[in-house]
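Below you'll find the structure, written out as structure tokens, and then a few comments.
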Amino acid sequence: MGGCDLINLKLMKAGGIDNALKINTLAEAAGISCMVGSMIESVVSVTAAAHLAAAKSNIKYVDLDASMMFSENPMAGGIKTVGELITLPKANGLGITEK
């Protein structure tokens with residue numbers, strides 16, 4: 001019906017990665033691009049969102065700065081952000097461990 005030009009996927013609002021993938025699949029079938037956004041979230045969920053965005057060509061934009069609002073990160077690993085560049089960890093899974 002042409003009701004939107006872009007869908008903003010937020011893992012926490014979608015109910016996790018599985019549901020976000022389902023929403024993205026529906027959007028892609030309808031010819032609608034997606035972006036991945038975040039709310040006030042730690043590096044753990046923002047890293048999961050970054051992995052989702054990197055895995056799907058239908059996801060054209062990201063807004064993943066939520067973890068930068070924290071004064072310190074209680075975990076080790078996760079995404080690294082320098083300017084507009086987001087780098088995914090090379091470690092297995094989300095690449096996050098306890099400090």
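We count residues from 1, following the sequence as given.
Residues satisfying the salt bridge (charged side-chain N to carboxylate O under 4.0 Å, His left out) criterion with D18, sequence neighbours excluded, are K22. Taking A55 as the reference, nothing meets the side chain to side chain contact (heavy atoms under 4.5 Å, CB included) condition, with sequence neighbours excluded.
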Distance-only check: which donor-acceptor pairs under 3.5 Å involve side-chain atoms of residues 57-68, not counting sequence neighbours?
| from | atom 1 | to | atom 2 | distance (Å) |
| --- | --- | --- | --- | --- |
| N58 | ND2 | N24 | OD1 | 3.0 |
| N58 | ND2 | I32 | O | 3.2 |
| K60 | NZ | S57 | O | 3.2 |

Can I get a per-line list of side-chain donor-acceptor pairs under 3.5 Å for residues 39-49, giving both atom names and the distance, sequence neighbours left out?
| from | atom 1 | to | atom 2 | distance (Å) |
| --- | --- | --- | --- | --- |
| E41 | OE1 | S45 | OG | 2.7 |
| E41 | OE2 | M39 | N | 2.7 |
| S42 | OG | V44 | N | 3.2 |
| S45 | OG | S42 | O | 3.4 |
| T47 | OG1 | V43 | O | 2.6 |
| T47 | OG1 | I79 | N | 3.1 |

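Atom CE of M75 sits about 10.0 Å away from atom CG of L94, to the nearest 0.5 Å. Interatomic distance, L6 CG to C34 SG, rounded to the nearest 0.5 Å: 6.5 Å.
Side-chain contact between M35 and I7 is absent, with no heavy atoms from C-beta onward closer than 4.5 Å. At a threshold of 4.5 Å between non-hydrogen side-chain atoms, the residues K56 and L21 count as touching.
Among all heavy-atom pairs drawn from V36 and A53, the shortest one is CG2-CB, 4.0 Å. For the pair L9 and A20, the tightest heavy-atom approach, listed with the atom from each and the gap, is CD1-O, 4.0 Å.
Counting only residues at least two apart or in different chains, side-chain hydrogen bond (donor to acceptor under 3.5 Å, both in side chains) contacts with residues 82-99 are absent.
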